[in-house]
K.L.:
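I have a structure I would like to understand better, so I am pasting it below and will then ask my questions one at a time.
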Amino acid sequence: MAEIATSPTYRRAGGLRRLLERYPFLPALAIVLVLLALNGIFSPNSLSYRSLTGLLSTYMALILLAIAQTYVVYAGDIDLSAGSILSLVNVAIIVLMERWGGGAGAVLLALAIGLLLGLACGLVNGLVVAALRLQAIVATFATSIFFTGLALYILPVAGTPAPTIFWRTYGGRLLGLPFVFYILVGLVVLLAVLSRTRLATQLLAVGDDQQAAYQTGLPVVAIRIRGYLLCGLFSALAAFCITGDTASGDPLVGGKMTLFSVAAVVLGGSALSGGWGTVVGSLLGALTIGLISSVVFFMGTPSEWQNFVQGLAILVVLMAGVLAGRRARP
Amino acid sequence: MSKLKLSGVSKAYGATLALRRGDLEVMAGEVHVLMGSNGSGKSTLCKIIAGSVRPDDGRILIDDTPVTITGPRSARAQGIGIFYQELSLAAHRTVEENVCLAALPAKARLFVDRATLKERAARYITLFEGVSGEGFSADALVGNLRPDQRQLVEIMKALASEAPLIIFDEPTSALDRAQVERFFEILRDLKRRGRGIIFISHRMDEIKAIGDRVTIIRDGETITTLNLNETDAGTVIRLMVGGAGDMPASQSSAPAAVDAKDGAALTVRNLSGSGFRSVSFEVARGEILGFGGLHGQGQSALLRAIFGAGSIGSGEILIGSDRFDAASPRDAIRRGCAYVSGDRGRDGVISGRPIIENVTPIHYLRDRLMIARPSKLRDKVAPALESMHTKFASLFHPINSLSGGNQQKVIIARWLIDRPDVLLLDDPTKGIDLSAKADLFALIRQLAADGLGIVLYSSEDAELLGNANRILVFNGGSVSRELTGPERTRYNLYQAAYEAA
């Protein structure tokens with residue numbers, strides 16, 4: 001019919017646009033590849049198997065935290081306490097492992113408790129934001145102070161070491177491959193499974209238009225709470241990685257990671273307003289942040305300028321990503 | 001058998017009584033039409049039934065059993081489905097996901113059962129096969145669809161509820177003729193299967209075509225219920241407006257004849273852009289030029305392009321005798337061009353802000369106003385709103401507290417403080433009740449008499465025939481015919497519109 005061909009604003013998606021619609025994380029992937037190339041130019045050594053493994057094990061915590069953040073951002077919410085949950089779980093498991101003697105059983109039990117703790121924090125956030133209807137940004141800022149307070153109570157000073165078995169495993173190898181690779185593979189499988197859940201679709205629908213979702217008959221409050229639960233769970237997983245990487249407890253370790261996680265989500269092509277995004281994008285976004293720091297370092301930037309250059313680079317990448325991603329958004 | 005019965009239902013928002021006393025009885029196997037001017041309480045009544053608004057008082061019976069509806073979920077559980085006038089779609093989800101969103105088919109309780117979802121959605125998508133238009137597919141993102149296609153998705157979603165009682169709150173406002181016909185076939189089928197249907201529309205011909213009984217609501221009160229085949233349009237409209245109206249007058253009387261002696265207000269020469277090509281016309285001062293044709297033939301695209309909100313490939317535009325190629329709406333406004341869209345939510349209303357702020361943005365821009373003084377502004381705002389009989393509690397109430405018709409009046413009032421030279425109307429009466437339409441057209445004629453050049457695109461032929469001096473019929477992005485003087489008949493308009501479509 002002639003009428004459609006002439007309708008301008010609602011034209012059919014072209015090839016690139018359609019590709020971006022299906023895989024919104026492509027710009028993030030391109031940026032990661034560019035950054036890898038830059039790393040290679042400044043320091044060929046940085047692309048070695050060893051360095052990449054190191055990069056992954058250092059930034060695995062941020063990757064997980066960014067993914068945690070993504071699930072609440074899906075629904076148009078935000079969690080400014082994700083980093084504090086990470087700190088809290090970090091010190092909690094460190095103290096528990098130490099108390100219980102640091103054996104394999106103690107470690108596993110402590111991890112299980114850590115997961116429960118993460119879920120509990122997520123539940124608190126969910127109840128405060130979705131059930132009590134407080135502004136997510138302020139409410140989770142408040143709970144972040146609260147969680148930090150708890151972390152400081154559990155371990156007032158940074159330093160208690162993790163049991164050897166724990167960080168050896170995290171930094172070591174299994175069947176000839178670095179352990180973080182197994183974590184990465186496990187994570188990808190987990191993400192694939194989660195993306196097929198009804199919850200993922202419902203979170204995105206709520207983020208798209210909360211009123212519409214409510215009128216459709218979706219249990220909006222319950223869905224948002226579940227988003228925060230997932231966020232708490234992944235923050236706890238992030239805490240395990242940071243514990244493995246630093247091999248010690250620090251009640252303030254996650255504080256500055258929160259906003260990095262939000263940045264990673266945006267770098268990954270998700271919309272902070274909700275309804276649009278991918279967890280794979282956030283994974284790549286977190287890697288981007290890691291690679292930027294590494295490029296800045298290998299470029300030989302004087303230490304007093306490193307923050308400046310890093311901030312600038314994130315801005316540039318954000319602009320590139322947003323410009324590409326904007327075309328994909330309907 | 002009575003499917004649904006409401007008695008004495010009421011709802012107040014603060015001091016405003018949205019619904020004073022709503023009574024309604026819907027039988028199984030009937031299409032029950034709800035009629036009333038905007039703000040009369042129809043939508044509130046529907047939302048109460050669908051659970052998204054809680055009534056303050058009154059009784060609801062489903063299948064003769066009293067029920068309490070606590071929310072949309074509970075309404076669904078009690079067998080009520082609804083098409084929302086403002087749509088309830090997730091723009092970034094696909095068509096099939098939207099259709100099944102309310103009850104995503106589950107696998108192992110946790111996962112989306114994609115196969116079942118596809119199959120279930122396909123059942124409703126195929127109902128509109130052939131009329132849903134290009135670009136419409138099960139896996140298209142709803143945000144990429146045209147307004148009429150989105151409306152189809154909302155219809156499919158309501159149908160997918162498979163509820164014994166389905167409410168359609170203005171489901172046809174953006175649909176073209178073929179889509180409406182198909183939709184009515186589906187409704188007739190539902191009727192045969194004993195479903196109860198509540199139907200709201202402002203189009204009399206549609207109501208005649210599909211409705212069995214009509215309940216008329218005025219000022220938040222149910223006036224009466226009539227059998228549609230025992231009544232006529234005149235009676236219904238008289239009941240709707242109460243004693244107060246000779247409103248259809250503006251639609252039946254001939255438009256004020258204006259000569260082009262004052263010169264052209266707007267000249268468009270060979271304009272092409274995305275959605276339209278080589279369009280030329282001239283609007284004289286004091287003239288109302290109508291754009292007709294089927295929905296989406298480039299009329300809106302052209303108007304938006306003139307206003308600087310769409311892209312222009314080639315051609316030229318003049319306002320008066322000056323070259324006018326607005327780079328942006330901001331530019332267009334500064335140079336005396338006004339645009340009013342029927343899509344209030346997207347193009348007009350500053351949602352959540354007070355009425356006064358919704359009337360003044362154009363004034364700010366044209367006067368380069370830096371500091372706003374509410375007391376001074378009020379003197380300018382009040383007469384603009386007055387001239388259209390806008391109903392509002394106070395200037396500082398949020399605009400969302402108004403009905404659709406009154407919101408549109410506020411949007412138009414924006415342009416009246418500093419008069420533009422050219423007024424572009426892009427289907428301005430979409431979803432507006434008859435009495436508001438009458439007010440609107442009275443004003444439009446007044447503006448034309450004051451010497452404005454007016455372009456009116458309307459999806460309702462009666463509005464064009466009743467108000468435009470000339471009508472350009474659009475087909476496939478260009479003007480296929482011009483109707484002037486005695487040629488302006490319903491027959492010619494239909495014929496020209498359907499020629500190539």
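Note on naming: letters A, B, ... go to the chains in the order of the sequence lines (proteins, then strands), and numbering restarts at 1 for each one.
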K.L.:
Please check if the number of heavy atoms outside A:Arg196 that lie under 6.0 Å from its CZ is greater than 12.
P.N.:
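Atom CZ in A:Arg196 is not crowded, with 12 or fewer foreign heavy atoms closer than 6.0 Å.
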K.L.:
Once salt bridge (charged side-chain N to carboxylate O under 4.0 Å, His left out) is applied, do any residues pair with B:Lys118, and if so which ones, sequence neighbours excluded?
P.N.:
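So B:Lys118 forms a salt bridge (charged side-chain N to carboxylate O under 4.0 Å, His left out) with B:Glu96.
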K.L.:
Kindly list each side-chain donor-acceptor pair under 3.5 angstrom involving residues 71-83 of chain B, sequence neighbours excluded, with atom names and distances?
P.N.:
residue	atom	partner	partner atom	Å
B:Arg73	NH1	A:Gly217	O	3.4
B:Ser74	OG	B:Thr70	N	3.0
B:Gln78	NE2	B:Thr68	O	3.2

K.L.:
Heavy-atom distance under 4.5 Å to chain A: side chain of B:Lys107, backbone, both or neither?
P.N.:
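Looking at B:Lys107, nothing touches chain A.
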K.L.:
Can you tell me which of A:Ser195, A:Ala213, A:Pro219 forms the most heavy-atom pairs within a distance under 4.5 Å of chain B?
P.N.:
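So the answer, after comparing A:Ser195, A:Ala213, A:Pro219, is A:Pro219.
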K.L.:
In terms of ring plane angle, is the pair B:Phe291 and B:Phe474 parallel, tilted or perpendicular, where the classes change at 30° and 60°?
P.N.:
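Because their plane-to-plane angle lies in the 30° to 60° range, the rings of B:Phe291 and B:Phe474 count as tilted.
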K.L.:
With a 4.5 angstrom heavy-atom cut-off, could you sort out which part of A:Val206 is near chain B: side chain, backbone, both or neither?
P.N.:
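Neither; nothing under 4.5 Å.
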K.L.:
Which atoms of B:Ala50 are under 4.5 Å from chain A, going by heavy atoms: the side chain, the backbone, both sets, or neither?
P.N.:
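Neither part, no heavy atoms under 4.5 Å.
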K.L.:
Under 4.5 Å from any heavy atom of chain A, what part of B:Arg114 do you find: side chain, backbone, both or neither?
P.N.:
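For B:Arg114, the side chain is the part near chain A, not the backbone.
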K.L.:
What heavy-atom pair brings A:Ile314 and A:Leu267 nearest, and what distance separates the two atoms?
P.N.:
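That closest heavy-atom pairing would be O-CD2, 4.4 Å.
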K.L.:
Relative to chain A, which segment of B:Asn98 carries a heavy atom at a distance below 4.5 Å: side chain, backbone, both, or neither?
P.N.:
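No part of B:Asn98 comes within 4.5 Å of chain A.
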